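In each ligand, atom 1 is the first atom listed, and ligand 1 is the first ligand listed. Quick caveat: nothing in here was measured; it's all calculated off a predicted structure.
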Amino acid sequence: MFRRLFFIIIAVLSIVNSKAQRNKLAPTPPMGYMTWNFYADQITEKDVRTIADAMVANGLVDAGYNYIFIDDGWQGGRDKKNNIIPDPVKFPSGIKALVDYVHLKGLKLGIYSDAAPLTCAGYTASYHFEEQDAGTFAGWGIDYLKYDYCNAPPDMETAKIRYKSIADALTHSGRNMVLGICEWGDRQPWLWGRSVGGSLWRIAGDIRDKWSSENDSLNIEKGGVGIMDAIRADADIAGFAGDGGWNDPDMLMVGLYGHKGPSSDLGGIGCTDVEYQSNMSLWCLLAAPLMVSCDVANMNEATKRILTNKNILAIDQDKLGKQAVRKINNNGWQVFVKPLENNETAIGILNTGKKAGKFETDLATLGLEGKYTTLNIWNNEIKKNQKKLSYTVGSHETVVLRLNNPDMPKVMSTK
Ligand code: GLA
């Protein structure tokens, strides 16, 4: 009797513990390079090595981008024992050798599968092979799994069951692997993503390399999701981010410049550098995962400057883990306020209009009493004793400020 009770207690404790551990796998939003937009399903091991080398050489690794996420197209079916295998032409040395290569460079490797027999691009996926595939990924030394939802039933309950079954399988494998949920926000994954074992969940359809669909209907997929459409989907669910679980508005468009591929579909003709800088600013304010997707081996100076700005990255990675709340959304202005640890605050002022304009407000109307020192993240301008904001902001530009109130006690978060 006591023996039975003992085993039940141990089993319950290990379930509680494994859940708690899954919630700790991504204490801040994951950062890295995702292969889909630039390589589509033609990604090869040679490309992954090139990406790893470039990320070290151009400072992305130093800036904190520590994952390479291999997206769809790596799979070569199953062997006679039903083990999932990589495409032998694209990955002749196998995934384990690639993992070893990127680990030596200070990077982690992510891989991709789907909660159905086939992935979105029609490759072998993990439904009914969850435990076996998780074991295979663990054996290779994989650190992250993006799990898509093409070819799976539409209802929320089935999605929860399928995501939980892969999350449990990852836990059973004994290796820490982050789970990225990718069902495009269709079943409100912010409500259940964390409880089934996910660390991030896509909140909208695939993002395209464009500013906006200019279509206010909620069917953002129809017009193609632009940067502003992803913001529209993300801004109202701020409260669900944090504590190891993140709203994911999809990859960064920065530096793609209309590159032909998945992100150029549905009007993805490219953005200006001002718009790419807003893309980065808004993703960081919204505590989004930062997944670079341009040609990292050939980045221009503007792209490098935007992606590696330490002050904007610190806002994304702030340990308090709060997503900015949109406090103002009218007359073409959107203002985001993100509490940071140590009693600091980040503010983003976005001009969605077609012309430059002046934005002014008292800080008190944003809930910030007292006088603040402000650091303008993109031009390093510092102002002291500020009670008001007054900035001229270009069309589609986002001014990002870091505010510090010298009179407030400095309290570090314990997370
Ligand atoms: C879906 C996902 C994309 C990408 C492709 C791969 O569309 O949303 O991010 O992973 O599948 O086929």
Self-check item: Set of side-chain hydrogen bond (donor to acceptor under 3.5 Å, both in side chains) partners for Gln42, sequence neighbours left out
Solution: none
Self-check item: Candidate list Tyr112, Tyr39, Trp140, Phe91, test ring pair (Phe, Tyr, Trp, His ring centres under 6.0 Å), partner Trp74, passing option
Solution: Trp140
Practice problem: Find out whether the Lys NZ or Arg CZ of Arg175 is both under 6.0 angstrom from the six-membered ring centre of Phe137 and within 45° of the ring's axis. | Solution: no
Exercise. Could you pull out all residues at least two apart from Asn151 that satisfy side-chain hydrogen bond (donor to acceptor under 3.5 Å, both in side chains)?
Key: none
Quiz item: Of all residues at least two apart in sequence or in a different chain, which pass the side-chain hydrogen bond (donor to acceptor under 3.5 Å, both in side chains) check with Glu397?
Solution: none
Quiz prompt | Contact residues of ligand 1 (heavy atom under 4.0 Å), by chain and number | solution = Trp36, Asp71, Asp72, Tyr112, Cys120, Ala121, Lys146, Asp148, Cys182, Trp184, Arg202, Asp206
Self-check item: SG on Cys271 to CH2 on Trp211, rounded to 0.5 Å
Solution: 8.0 Å
